[in-house]
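Input: a single structure, listed below in structure tokens.
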Amino acid sequence: MKIAKSTYLFIFTLVLAAWYLVIGIYLNRLGYYNQESLFYIEKTKIVFEGLGNRLKVMGLTAPLLPFYATFIFSSINSYLAPVIASSLGTAALFYMVSRSFNIRVKDDFYLVMVALLFLLHPGIIYMACSGKAIYLVVICLYLFFLNLLKFYRSNTTFHISIASMCLVLLIFCDYRFIWLTLFFIPLVLSITLASLNLGEKESIFRLFMSFNSPSLRRKLINKTFAIYVILFILPVTSLICYKLLNQTHASDLDYFIESPLSTWTVLVDKLNYDTTVTAVNYQLPELSILVSLRVIYFCPLILFALYLLRQSTYQVLTILTLFAFVEFLHIKYDKLFLTYQYYLIFLFVALLCIIFRVHTIRNTRAVKTGLALVVLLQLYTGYTFLSQSLITDERRFITTLTERKPNDDQAESREIAAYINSLPAASHVLMDDAVAYPIAAFSNNIKQLTLPYQLNQFLSAIETPYRYDDYILIATPKNPFTGYTQLNDKYIPEIRRLNSGVNYKRVYETDGWILYKVVNTQ
């Protein structure tokens with residue numbers, strides 16, 4: 001009996017998921033963790049094992065969808081949950097892309113190229129095995145552009161509705177993608193012009209004809225407004241509702257993007273930037289305009305895709321909105337570096353363009369040869385981009401993978417957590433997980449820790465720690481996050497001044513942390 005190609009694709013998807021899991025678990029055994037996955041691990045432990053009101057943690061931890069994706073697999077293994085989620089998610093992404101090629105192109109050569117990318121591209125391996133939420137961002141963006149391109153072909157508003165839903169999911173995977181809507185405001189006019197049944201092909205002449213005909217002008221305005229409503233009303237409404245939820249439970253509309261208790265990006269992004277620009281071996285930061293050149297360097301496949309779309313102005317403009325988007329992000333967040341996901345999305349948008357246009361090219365041999373060469377180049381640039389990244393987590397991933405040596409980036413956090421785990425079960429430790437969430441993530445018993453989610457108890461413990469806790473974890477001046485927590489080197493002298501009858505003794509110390517014990521109470 002002949003096995004269908006879709007069955008082969010499904011089997012290969014399972015093999016690919018296993019391949020990613022093996023790599024991810026191996027890196028985990030070598031000690032590789034990143035700040036994002038540790039943040040999700042710690043919040044998951046609070047939800048499952050914590051004491052007190054955990055609703056705020058469950059509902060306002062951001063980005064929301066990546067947290068829930070990790071949450072699902074935490075029952076298997078809390079430390080491997082992010083890796084399991086990213087591995088299965090990336091494998092699912094391969095199935096989506098390969099199915100699209102199988103349906104629209106029907107040429108096994110392109111499936112082989114896609115399989116090669118997913119097997120060997122360092123960036124895709126990083127997406128799948130690091131435990132970060134890049135896979136969700138890429139999936140949502142891929143589906144968003146897929147439905148836009150379907151709308152261009154069918155002129156069916158159903159695809160715009162699906163694209164709007166995908167945009168909502170994308171924003172809840174990474175809030176910064178809300179700015180993508182800015183660049184679709186002028187693009188919608190081009191989309192509407194393309195959907196009008198006019199004999200003229202050039203956009204500028206179509207626009208001229210539309211404005212000079214009352215009936216066409218009315219149709220253009222109505223259709224443009226309708227697409228605006230369908231595409232943007234759901235994302236805007238969802239975001240307003242979520243902000244109101246933040247206002248209700250945290251008394252801050254922007255709690256989910258500004259509080260280090262809610263999202264890992266607030267402090268980590270700033271640390272990445274400060275560490276790089278103050279390093280002894282200074283690295284040239286990203287510069288405006290050059291960001292687009294970096295995109296092309298990372299993803300030469302996007303030039304190949306734009307060449308295929310050269311006869312479709314509105315489709316080319318759709319892809320160029322991504323270039324405008326990353327340039328905008330670099331200008332708006334000028335003290336932050338663009339992470340790998342903002343470059344990786346161009347690879348999958350390029351694949352999407354190939355899916356829709358490659359079957360229209362007659363000289364298939366030249367196209368296949370060019371594509372094969374670009375894919376090989378893509379593998380090389382994907383590696384160099386990671387190995388020379390300005391962001392520590394990204395460099396550490398590729399060095400740990402290639403050198404196969406233990407990673408000690410989280411050694412200090414694990415050391416402090418190991419000591420806390422050795423304390424008597426009845427002991428309680430005052431800790432600020434806005435900066436110490438890696439230590440909390442490695443702790444065996446989250447019930448021992450007094451953390452900010454226990455709002456009233458935590459505030460009371462800050463004022464009179466000797467009444468609530470046996471130990472206090474303090475950030476030293478050498479700790480890069482010491483300025484973002486009350487529990488720093490100034491805290492103990494101030495508490496001693498307020499109540500001289502209580503003594504605090506250092507019981508464990510590392511470069512970044514000091515654990516004090518409350519040894520005497522009046």
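Here, residue 1 is the first one in the sequence, and each next residue gets the next number. Hydrogens, waters and symmetry mates are skipped; everything else that's a heavy atom, side chains included, is used.
- No more than 12 heavy-atom neighbours from other residues, nucleotides or ligands sit within 6.0 angstrom of OH on Tyr307.
- Aromatic ring centres of Tyr40 and Tyr437: separated by at least 6.0 Å.
- No hydrogens or angles considered: a donor-acceptor pair under 3.5 Å links the side chains of Thr384 and Tyr297.
- Side-chain atoms of Arg104 never come within 3.5 Å of backbone atoms of Ile355 as a donor-acceptor pair (strictly under, hydrogens ignored).
- Between Phe458 and Tyr453, a ring centre-to-centre spacing not shorter than 6.0 Å is recorded.
- Screening Val137, Ile178, Leu136, Leu65 for a side-chain contact (heavy atoms from CB on, under 4.5 Å) with Leu170, the sole residue that qualifies is Val137.
- No donor-acceptor distance shorter than 3.5 angstrom exists from the side chain of Tyr383 to the backbone of Ile398, with no hydrogens or angles considered.
- Cation-pi check for Lys56 over Tyr255 is met; the charged atom lies under 6.0 angstrom from the ring centroid and within 45 degrees of its normal.
- Judged purely by distance below 3.5 Å, without hydrogens or angles, the side chains of Asp174 and Tyr342 pair a donor atom with an acceptor atom.
- If you look at Phe256 and Tyr175, their ring centroids are closer than 6.0 Å.
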CA sep, side-chain torsions, deciding dist, call: Phe12, Phe94, ring-ring contact (aromatic ring centres under 6.0 Å, His included): CA-CA 9 Å; Phe12 186 80; Phe94 164 78; 5.2 Å; yes
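- Partner of Lys43 under the side chain to side chain donor-acceptor pair (under 3.5 Å) criterion, out of Asp433, Thr70, Thr61: Asp433 alone.
- Residues that satisfy the salt bridge (Lys or Arg N to Asp or Glu O under 4.0 Å) test with Lys478, not counting sequence neighbours, are absent from this structure.
- Taking the side-chain contact (heavy atoms from CB on, under 4.5 Å) definition, one finds that Thr400 meets it with Leu27, Leu30, Tyr32, Asn407, sequence neighbours left out.
- No side-chain donor from either of Gln448 and Ser443 sits under 3.5 Å from a side-chain acceptor of the other.
- The backbone N or O of Gln378 lies less than 3.5 Å from a partner atom in the side chain of Thr381, making a donor-acceptor pair.
- Here the side chain of Ser87 pairs no donor or acceptor atom with the backbone of Ile84 at under 3.5 angstrom.
- The closest donor-acceptor contact from the side chain of Asp393 to the backbone of Asn34 lies at 3.5 Å or more, if one exists at all.
- The distance between the ring centers of Phe323 and Phe346 falls below 6.0 angstrom.
- Looking at Thr263, its side chain never comes within 3.5 Å of a backbone N or O of Pro260 through a donor-acceptor pair.
- For Phe348 and Tyr142, the ring centers are positioned 6.0 Å apart or more.
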Phe144 vs Phe184, ring-ring contact (aromatic ring centres under 6.0 Å, His included): CA-CA, chis, key distance, verdict: CA-CA 12 Å; Phe144 175 68; Phe184 273 88; 5.4 Å; yes
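- A salt bridge links Arg176 with Asp269; the closest basic N to acidic carboxylate O contact falls under 4.0 Å.
- For Phe48, the CZ atom counts as densely surrounded, since its 6.0 Å shell holds more than 12 non-hydrogen atoms of other residues, nucleotides or ligands.
- Other residues, nucleotides and ligands contribute over 12 non-hydrogen atoms within 6.0 Å of the CZ atom of Phe183.
- Side-chain atoms of Thr321 come within 3.5 Å of backbone atoms of Thr318 as a donor-acceptor pair (strictly under, hydrogens ignored).
- Every residue two or more places apart in sequence or in another chain that forms a side-chain contact (heavy atoms from CB on, under 4.5 Å) with Asp254 is listed here: Lys243, Asp252, Ile257, Glu258.
- Under the 6.0 Å cut-off for aromatic ring centres, Phe151 and Phe158 do not qualify, their centroids lying 6.0 Å or more apart.
- Judged by the 6.0 Å distance and 45° axis criteria, Arg153 is not positioned over the aromatic ring of Phe356.
- Residue-environment remark: OH (Tyr333) exceeds the threshold of 12 foreign heavy atoms within 6.0 Å.
- Judged by distance alone, the side chain of Arg54 and the main-chain N or O of Gly52 form a donor-acceptor pair under 3.5 Å.
- Between Phe298 and Phe385, the ring planes are tilted. Angles from 30° to 60° get that label.
- Checking Tyr33 against Ser413 by side-chain atom types alone, no donor-acceptor pair falls below 3.5 Å.
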